[in-house]
Amino acid sequence: MAYLLVEPCMTDLVERLVPDELWTLCRRVVPPMEVIRPQGGGRRRAGDRECLAAIIFVATSGCTWRQLPPVFGSAWATVYRRFAQWSRERVWARLHRVILDELGARGQLDWSLRRCTATATWSPGPSRRS
């Protein structure tokens, strides 16, 4: 028996992957996009929250961009383009900083466990000399 995925299902999934509290923080760093269509018409721009949920789904599920389920309402190419755009605009680094700042302000970060390793070791492996 096949099930038809409808909008309420998408809304539930989006809200689970991007809760309101996270979305509030994300809106601080996601650049606003003004859609300019001189001729008018065209499709409505895919929502940033829905695209973020789809990006989180790809990152956490292990699926490829092309395997992205249609439940998110956007084509995989649209979601990938948004991911690439936000990567170029350093949205992920800024979001990371905003989340750390928020958690720090709430006293929810334990910096006593912080470790920073500045050394790296490379080993060429076993010698092949005879």
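Worth knowing before you read on, the calculation uses all heavy atoms, side chains too, and leaves out hydrogens, waters and symmetry mates. Bear in mind the structure is a predicted one, so any value in this text is a computation, not a measurement.
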(request) Name all residues meeting the salt bridge (Lys or Arg N to Asp or Glu O under 4.0 Å) criterion together with Arg94; count only those two or more places apart in sequence or in a different chain, and write none if there are none. (result) none
Not counting sequence neighbours, which residues clear side chain to side chain contact (heavy atoms under 4.5 Å, CB included) with [X]? List them please.
{"X": "Arg16", "answer": "Leu13"}
{"X": "Val58", "answer": "Cys63, Trp65, Leu68"}
{"X": "Thr60", "answer": "Ile56"}

(request) Quick one: list whatever passes side chain to side chain donor-acceptor pair (under 3.5 Å) with Arg106, sequence neighbours left out. (result) Glu21, Glu102
(request) Name all pairs fulfilling the salt bridge (Lys or Arg N to Asp or Glu O under 4.0 Å) condition that reach into residues 73-84, sequence neighbours left out, sorted by first residue then second. (result) Asp48-Arg82
(request) Look at the rings of Phe57 and Phe72 and say which category their plane angle falls in: under 30° parallel, 30 to 60° tilted, over 60° perpendicular. (result) tilted
Between [atom1] of [X] and [atom2] of [Y], what distance do you get to the nearest 0.5 Å?
{"X": "Leu95", "Y": "Arg27", "atom1": "CG", "atom2": "CZ", "value": "13.5 Å"}
{"X": "Arg66", "Y": "Tyr80", "atom1": "CZ", "atom2": "OH", "value": "11.0 Å"}
{"X": "Arg49", "Y": "Leu17", "atom1": "CZ", "atom2": "CG", "value": "10.0 Å"}
{"X": "Leu22", "Y": "Ile99", "atom1": "CG", "atom2": "CD1", "value": "5.5 Å"}
{"X": "Phe83", "Y": "Arg88", "atom1": "CZ", "atom2": "CZ", "value": "10.5 Å"}

(message) Does atom CZ (Arg90) have a neighbourhood of more than 12 heavy atoms from anything else shown, all under 6.0 Å?
(response) no
(request) Starting from the C-alpha separation in whole Å, work towards a yes-or-no answer on side-chain contact (heavy atoms from CB on, under 4.5 Å) for Trp76 and Thr64. (result) CA-CA 9 Å; Trp76 71 267; Thr64 66; over 6 Å; no
(message) Looking at every non-hydrogen atom in both residues, tell me the closest pair between Val91 and Pro31 and how far apart they are.
(response) CG2-CD, 3.6 Å
(message) Testing the basics here: between Ser74 and Val79, what is the closest heavy-atom pair and its distance to 0.1 Å?
(response) CB-CG2, 3.9 Å
